[in-house]
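First the structure, in the form of structure tokens, and then the observations on it.
Numbered from 1 within each chain, the chains take letters A, B, ... in sequence-line order.
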Protein chains: 2
Amino acid sequence: MENSTGKKERIKSIDKALGLLEFLSVNEQETGITEISKNLHLGLSTVHRILFTLKSRGYVIQNLNTKKYRLGIKLFTLGCAVQSTKRLVEITKPYLKQLSQSTNETANLAILEGKEVIYLDTIGSPEILRTEIMAGTRTPAHCAALGKALLAFISDGEFKSLYKKDEPLSSLTSKSISSLEELKKHLKKVKEQGYAVDREEYKIGINCISVPIFGRNGEAIAAISITGPASRFTIDEMGKVKDKLMTISKEISNQF
Amino acid sequence: MENSTGKKERIKSIDKALGLLEFLSVNEQETGITEISKNLHLGLSTVHRILFTLKSRGYVIQNLNTKKYRLGIKLFTLGCAVQSTKRLVEITKPYLKQLSQSTNETANLAILEGKEVIYLDTIGSPEILRTEIMAGTRTPAHCAALGKALLAFISDGEFKSLYKKDEPLSSLTSKSISSLEELKKHLKKVKEQGYAVDREEYKIGINCISVPIFGRNGEAIAAISITGPASRFTIDEMGKVKDKLMTISKEISNQF
DNA sequence: AAAGGAGTTTCCGTAATATGGAAAATAGCA
DNA sequence: TGCTATTTTCCATATTACGGAAACTCCTTT
């Protein structure tokens, strides 16, 4: 009965193990076998054996007191080795540092994955009131300057395959873009001006301005941004850093 | 024939998949199926099926031109979610930033895993001549100030299980500690003074000073350090930052 | 253009493997 | 001490992953 649908076969035990890792990554706390078993609909012994395998290689760690499991450092090491992000972070870091220093705000680097933006690196503002984002964070692309800067430069075909007709857009704040039409219009403008602005669309009280970074072939491979509290990082302030951001973006793009 | 030795059984396909990921992480470049198959002694179709499974979940990416594979962003995301490192980085980052700014050198955070030190976070010096280390890097513990700061505070039992009698120590430079006796003596001193110094033991031209961070139970859970070019970051300079480092270490330790 | 070659992908029968249920062990709590 | 909730181990069985070889793709060479 294998291959009954057109789909190619994946190795089930690997699939389960990866699902388990992902479950642990979402579940912030240590998790026991029973709980995992219930959530993933796998037998107790199956979960146990998978965890044993993962544990013996350092992908999960077992708290010997509670017997529960959490992600292990091996994953951190592997994550740091991902070549594509490594190169991006390496090249971009000095520029982010410079931006953060000259603006006193937080500077970020992110890429687009599907309809989500993934933060690869951030240099936090030295101010006490600051916007903190952790590397690795994912957010809906249409609610963030970074996401809009990236979405604006993907092909029409790609865009259509991501956002199906009349699909409702999740709103993170009352100011988030909520309809596909609105998004399209907005992205057109972003493409024209070369940068994207987010005025409390991601979170009330936070503004952000972002420009994409282009690869050899003209594709937008990542984006950098500056975020700050709306009270301090006003539209005016964003206007002031706009040119600097665009200059830096070109400098970075030249290295790809 | 299962379980013939006392060892518990791991799930082989998962084991293979993890081995494959690790192979890709060491192999900096994109790698083809044949090469992987040869190195890991697995059949071509096996490698292909494993990669297909990993690919469909974003753990590896296939370059459609060359057909070759590399690690995918999913691993980066997972790596960022590892709870233990996340917390450490979060709490330590502002202190590292402060240290780097006040010294103009690079500040690092690392943990001990086995006989290796893993860098969790680094804030680079603004100087042009600077020591750059990437997060995720692993180095032999006995050759780095960070490692020595951590080794000095593990229990005798742990130390003995790590460094078997008469085991030769790898030397990264001519100044590296090369005998177990020497290391023991050195660590005793580190424990007394509460900080570790590395004078070109890790790399010629680089000096480093490090102090451990202690958890609730008094265990050394991580270490922070400042590194710089030996020409600029001299013994004198290290002496000057010593106290600041130790104060900060206490402040951080109080949060665990 | 056509043939050759190196690599990837698919197919298939078979042997090995992972599976889940249940028992055993362990820990936590009343 | 006994009871409950979990984790861990064991086992027979059916499912699953396996590797060899064929098919296919994409370059390179002549």
A:Lys74, NZ: over 12 other non-hydrogen atoms inside 6.0 angstrom: yes

Flag yes if more than 12 heavy atoms outside B:Asn254 fall under 6.0 Å of its CG atom; otherwise flag no. yes

If you measure only the distance, is there a donor-acceptor pair under 3.5 Å linking the side chains of B:Ser225 and B:Asn108? yes

Could you check whether B:Lys115 and B:His142, counting side-chain N and O atoms only, form a donor-acceptor pair closer than 3.5 Å? no

Find the distance [X]:[atom1] to [N]:[atom2] and express it as a whole number of Å.
X	N	atom1	atom2	result
A:His48	D:dT9	NE2	C1'	8 Å
B:Leu64	C:dT8	CG	C1'	13 Å
B:Lys12	C:dA15	NZ	P	16 Å
B:Asn63	D:dC27	CG	P	11 Å
A:Glu35	D:dA5	CD	P	15 Å
B:Phe52	C:dC11	CZ	P	12 Å
A:Ile33	D:dT7	CD1	C1'	6 Å
A:Leu20	C:dT19	CG	P	11 Å

By nearest-nucleotide position on DNA chain D, the 5'-leaning member of A:Ile14 and A:Lys38 is A:Lys38

Using heavy atoms to find the nearest nucleotide of DNA chain D for B:Ser13 and A:Gly32 separately, return the residue whose nucleotide is more 5′. A:Gly32

Tell me whether the OP1 or OP2 atom of C:dT9 has a side-chain N or O from B:Tyr69 closer than 4.0 Å. yes

For D:dT6, does either OP1 or OP2 sit under 4.0 Å from a side-chain N or O belonging to A:Gln62? no

So which of A:Leu88, A:Ile224, A:Thr137 actually passes side-chain contact (heavy atoms from CB on, under 4.5 Å) with A:Leu120? A:Leu88

Sort out for me which residue in A:Ile154, A:Leu146, A:Ile118 forms a side-chain contact (heavy atoms from CB on, under 4.5 Å) with A:Leu112. A:Ile154

Could you check A:Leu109 against A:Tyr119 for side chain to side chain contact (heavy atoms under 4.5 Å, CB included), going step by step and ending with a plain yes or no? CA-CA 6 Å; A:Leu109 168 70; A:Tyr119 287 83; over 6 Å; no

What string of B, S and - do you get for nucleotides 20-30 of chain C, 5' to 3', when a contact is any protein heavy atom under 4.0 Å? BB------S--

Any chance you could lay out the salt bridge (charged side-chain N to carboxylate O under 4.0 Å, His left out) test for B:Glu35 and B:Lys68, step after step, and finish with the verdict? CA-CA 10 Å; B:Glu35 194 179 342; B:Lys68 296 189 171 182; 5.1 Å; no

Specify the angle, to 10°, made by the local axes at the two ends of the helix from C:dA1-D:dT30 to C:dA30-D:dT1 when five pairs are taken at each end. 50°

Are B:Glu116 and B:Thr139 side-chain neighbours, meaning at least one heavy-atom pair lies under 4.5 Å? no

